[in-house]
Amino acid sequence: GSFWEALKMAILSGLTEPLGAFVALFVLRPILVLNTEVIEYILMFVAGVMLSVSFNELIPEANHCRRPFHMRSGFILGFIVMVITIWLSG
């Protein structure tokens with residue numbers, strides 16, 4: 001595949017999250033009772049899914065590419081972004 005094909009797939013993949021948030025907010029919210037406790041459980045489930053994907057798919061694939069510096073720096077940068085996001089939202 002080409003760089004542009006990979007970029008297109010990454011953008012399309014990334015757009016599914018805002019689309020899911022839109023559906024949850026405007027379609028499911030009037031139907032379901034989404035109080036704080038329900039939202040917390042949904043977020044815990046989603047976090048578990050993302051951890052599973054990371055450990056089962058992304059990390060082994062990164063190891064397969066044999067670029068440990070890129071893998072470690074991406075992990076550290078992602079961790080820093082998450083810490084800053086939590087710090088700014090709290």
Is the shortest side-chain heavy-atom distance between P68 and M71 below 4.5 Å? no
Starting from [X] and following side-chain heavy-atom contacts under 4.5 Å between hydrophobic residues (I, L, V, M, F, W, Y), which residues can be reached?
X	value
V27	V23
F69	none
F79	V83

Under the criterion side chain to side chain contact (heavy atoms under 4.5 Å, CB included), which of L88, I86, V81 is the partner of I84? L88
Qualifying side chain to side chain donor-acceptor pair (under 3.5 Å) pairs with a residue from residues 51-70, counting only residues at least two apart or across chains: S52-N56
Pairwise side chain to side chain donor-acceptor pair (under 3.5 Å) hits with a residue in residues 74-86, at least two apart: none
Are Y41 and F45 an aromatic pair, judged by ring center distance below 6.0 Å? no
Less than 3.5 Å apart, which donor and acceptor atoms pair up between the side chains of residues 6-20 and the rest of the protein, not counting sequence neighbours?
{"residue": "T16", "atom": "OG1", "partner": "S13", "partner atom": "O", "Å": "2.7"}

Please say whether more than 12 non-hydrogen atoms of neighbouring residues, nucleotides or ligands are located less than 6.0 Å from CE in M82. no
